[in-house]
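Proteins come first, then strands; the chains are lettered A, B, ... in the order of their sequence lines, and each starts at number 1. As a basis for the values below, the full set of heavy atoms in this structure was taken, side chains included, without hydrogen atoms, waters or symmetry mates.
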Protein chains: 4
Amino acid sequence: MMPLSNLATVVSEITAAMQARPDRGDVATYIPELARIDPARFGIAVIDAQGNVVTGGDAEVPFSIQSISKVFTLTLALGKHGDRMWRRVGREPSGSPFNSIVQLEREQGIPRNPFINAGAIAVTDLILSGHQPREALGEILRFMRFIADDETIQIDEAVAASEQRTGFRNYALANYMKSFGVIDNPVDLSLGVYFHQCAIAMSCRQLAMAGRFLVHRGLNPTTGLHVVSPERALRINALMLTCGHYDGSGEFAYRVGLPGKSGVGGGILAIAPGEASIAVWSPGLDPNGNSHLGRIALEALAKRMNWSIFDG
Amino acid sequence: MMPLSNLATVVSEITAAMQARPDRGDVATYIPELARIDPARFGIAVIDAQGNVVTGGDAEVPFSIQSISKVFTLTLALGKHGDRMWRRVGREPSGSPFNSIVQLEREQGIPRNPFINAGAIAVTDLILSGHQPREALGEILRFMRFIADDETIQIDEAVAASEQRTGFRNYALANYMKSFGVIDNPVDLSLGVYFHQCAIAMSCRQLAMAGRFLVHRGLNPTTGLHVVSPERALRINALMLTCGHYDGSGEFAYRVGLPGKSGVGGGILAIAPGEASIAVWSPGLDPNGNSHLGRIALEALAKRMNWSIFDG
Amino acid sequence: MMPLSNLATVVSEITAAMQARPDRGDVATYIPELARIDPARFGIAVIDAQGNVVTGGDAEVPFSIQSISKVFTLTLALGKHGDRMWRRVGREPSGSPFNSIVQLEREQGIPRNPFINAGAIAVTDLILSGHQPREALGEILRFMRFIADDETIQIDEAVAASEQRTGFRNYALANYMKSFGVIDNPVDLSLGVYFHQCAIAMSCRQLAMAGRFLVHRGLNPTTGLHVVSPERALRINALMLTCGHYDGSGEFAYRVGLPGKSGVGGGILAIAPGEASIAVWSPGLDPNGNSHLGRIALEALAKRMNWSIFDG
Amino acid sequence: MMPLSNLATVVSEITAAMQARPDRGDVATYIPELARIDPARFGIAVIDAQGNVVTGGDAEVPFSIQSISKVFTLTLALGKHGDRMWRRVGREPSGSPFNSIVQLEREQGIPRNPFINAGAIAVTDLILSGHQPREALGEILRFMRFIADDETIQIDEAVAASEQRTGFRNYALANYMKSFGVIDNPVDLSLGVYFHQCAIAMSCRQLAMAGRFLVHRGLNPTTGLHVVSPERALRINALMLTCGHYDGSGEFAYRVGLPGKSGVGGGILAIAPGEASIAVWSPGLDPNGNSHLGRIALEALAKRMNWSIFDG
């Protein structure tokens, strides 16, 4: 590990470079509440192995984590249901956009992986089973606060309501899976929880805090307790690498070389195993639905810190 | 890094365990010459960062490397054509079997990545351009001998001829790409080179030798010369991780956690960056066309040596 | 036209032959209410150009017309919206099963034709626009009673409720189209009307009565009024021929040679232009979801009466 | 039947109207030899039930019949192999463009119908079996001359050679089917015959003559001999209706209402059962690859003569 001063310099320089760039991608418009976000925002937070927190730009501004929540609900569901969970979700890259329904028809309603929408809905449905939506959502929120060590994390109800009114594609995916028996609960209930988990608002700092257990073989360094077993932490990282950026997962691995998970709110959580938990935020997206500057910032960071997992 | 004696013990125990297992998968039958291989074969060779070679089982028996050759022709083509090569091949997992033609129709003849058959044929076509097939093949063979530091490596002409007679699916893929202008040379010539590169016969030891430059940021430790730049070596590793096992790439990343490339001959080359170049061979395949015991052996090896790239 | 006595003989012989056959296909099980129907039922009703009604077997027993209703809602929607209707539904065979969602993804949410489920839901949504579901349903039912000249036709509420509880695939299709803006009304309302129209119960006699306007260039022979223009009647026949039997439409045209529309309740309405309106009912289905004996009976009838439209 | 004078008037008026239209579609460019044809050409020939021949425009100019040949090779193959032929080709509309390969992957190499390219290649391969390509081609040509009653019909060798050099998509289809065992002969030989059959040059008059057996229940009115059985003639008509215009088959049935088969040379053969054999030619194509003015002319003709098979 390089000294903190170097990391601070690198983060500072990357922040400046990103803030100066004119190319910002396009802010997601299909969720009306997200369409209003200022595309000029850029934030970054890095927490190194010693627990030092280095931030840049809008690192303290909460944003909608959206699909990044899928990493945490997967972790929760694996904790509750173990490997039986894999009966209803696969572990392969989908080769299709995040909201594609074609793959579901070919594969009898079993989503390709837990990071496409269909897969994440199936995971949330599993967390819901045996509970009221309010309880399931409470459990998810408590888990986020616990791993981030931050009781202030909240759900943005306006975003959740916005998706609940307009998320027809997700209603289609959930009903389609239900027709194959992959969804146990009433579709409206599972999607209610799903839309709320996606509407959790977190800052880069909070998100980087929440990702630490994936850096340290499942260990939460604050509490010294294991969030998941070492093997499971490694495997969640593997899924983030192969499936974390939808149809741009190969490109992210090729350019950045870190496990990561993006959300259409413009956030990306990336893990440098043993080194650092990283969160970036820039609301403009590339054509695959991943943060345009977020990816570029992570590529620069991984390169300058020699953090690529494909390096020796 | 653990001491050699530990690696030797681990390799020896894994070899014994694999040789004792009754489950071996099914030997590929669609290439008649390969169908005759004894499914009881198992070999492994590991070359660590100090250049120590540890082997087990049939590590000196040559086998048909088949699709593992795609790693080396990709390396060659990138060296000759640089990033222009990516105009005709993508970098994303395909979400489809190795010989699927569906993706080509949807994406205007551009293969998803260089490790599915269509992509590798397009790469070989690029190496061929401006040359006679004999010259292109000579260049590929010389490159293999150079990086493996072994002049005895040969092509198995019977296997090449067998594929040339029966490889109709590959003829379909190549003609299909040619209809979109993605293949420059006459299809028969490009496929002639392709079938011969797949028919290169190598032992686990030779293959592990050939993989060393991917362990050491592009450097061939024997010659001290760079085969490719550090950045390119990392990126080839990234492609192996996301796309190296066809429709089982996610599963391999999840279970083994190393960049790797399989061939239907039953071989797998795996890279533990900074640690080791690894080749395994067991002819029986799983339903995705990857060596059944080869994958299991690599999972055990990566776990016992703590080599997963998703670990800290 | 052959004399009535001949038609009566033919219908009688076909009825006897069908009743004696052991092969009956499988009753649809995905709608629980339909799964209870006795597979031994067989009915047929033929109304010739002079208005003679010839029946056989269970011709007076009401059954669930299911997708046969699509012919009538298409007729209604064309009457109300004219050719503008074709902006949201195509006119080509789908090459896919009746409930496939793949085609919708490829073609931006526009269903291939009005006789697959997605297309029929889009048509019903158009009929609903500007009305309450109750009004729209009333209009459909009045139209059915009018063209069949029979005020006793009813909706089977148990069947409608059964589909409303379990029709997840149709909810998926409707939400998917709504995500593309192809559905105007709230999905639950459009599907409410759709499930009720499918649950209309009619006997073979009533159904054959309702089909007469398609035999006579749009003219209802009872009232002497045009239900639709001659050109439109021909075109509805054309759509029934190319798309009326899902993925078995080609086979039906090849074997029977008449425009027809099947329903999973086991009914088929077939039109011999200028000659006869025909309804058959046998609840057992073939793998494409069309009445097994119904198709065989129609093939025999068309052959013996020389009614194939491909004949001179 | 209307008197000849009326048919002559109708044909003459349609010819004048077509010749005056500025919209002509685009001449096929993927076969270089066809790209040179003058798009201003328009021809029509109608042979009525009494054998009267009515022509308009360029009715005597030979053009490349291309896919229209598929009707005749299907007829030949059914004559030689009977219904066993259907083991390797289906009878359903494909829902895909004429040269799509996607459907083949989903359905194990069995083409959807004999009128898409893959299906026609499979049919030609069957005709070739047991023969030299020259013999098979001779048989096809003799059959064309026999049913057209015209010994001057020839193959345009320049067109055949042009396709043989550039028909990569067809090479892909044939190799793909061969990988599933659907093609018996060496791909180059089957395609050699196929490209030559497509390169047969015929005028509208010759083509209309060749189609007469489909008007008269399989009977060649010149010789009084049956070319095929009545049932088979009807069924070939049914296939032309459901599958004769690729992805525009539904539209052709909807607008024209006659069985027909188009070719990318701009010709269409249409059958009015019991009434007339019709050939039109206009080289400009619509987006589905069917003659633009040819379809419009046939729509006008069918309407004015009341020939739609969906009419009483």
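- In the model, D:Glu157 has a side-chain atom that pairs as donor or acceptor with a side-chain atom of D:His196 under 3.5 Å.
- Inspection of non-hydrogen atoms places no residue of residues 78-89 of chain D under 4.5 Å from chain B.
- In this structure, the side chain of B:Asn290 does not engage the main chain of B:Ser262 through any donor-acceptor pair within 3.5 Å.
- Remark: B:Thr75 engages no residue in a side chain to side chain donor-acceptor pair (under 3.5 Å) (not counting sequence neighbours).
- With sequence neighbours excluded, no residue forms a side chain to side chain donor-acceptor pair (under 3.5 Å) with B:Thr242.
- Between the side chains of B:Asn117 and B:Asn170, at least one donor N or O lies within less than 3.5 Å of an accepting N or O.
- With sequence neighbours excluded, the residues satisfying side chain to side chain donor-acceptor pair (under 3.5 Å) with D:Glu107 are D:Gln103, D:Arg112.
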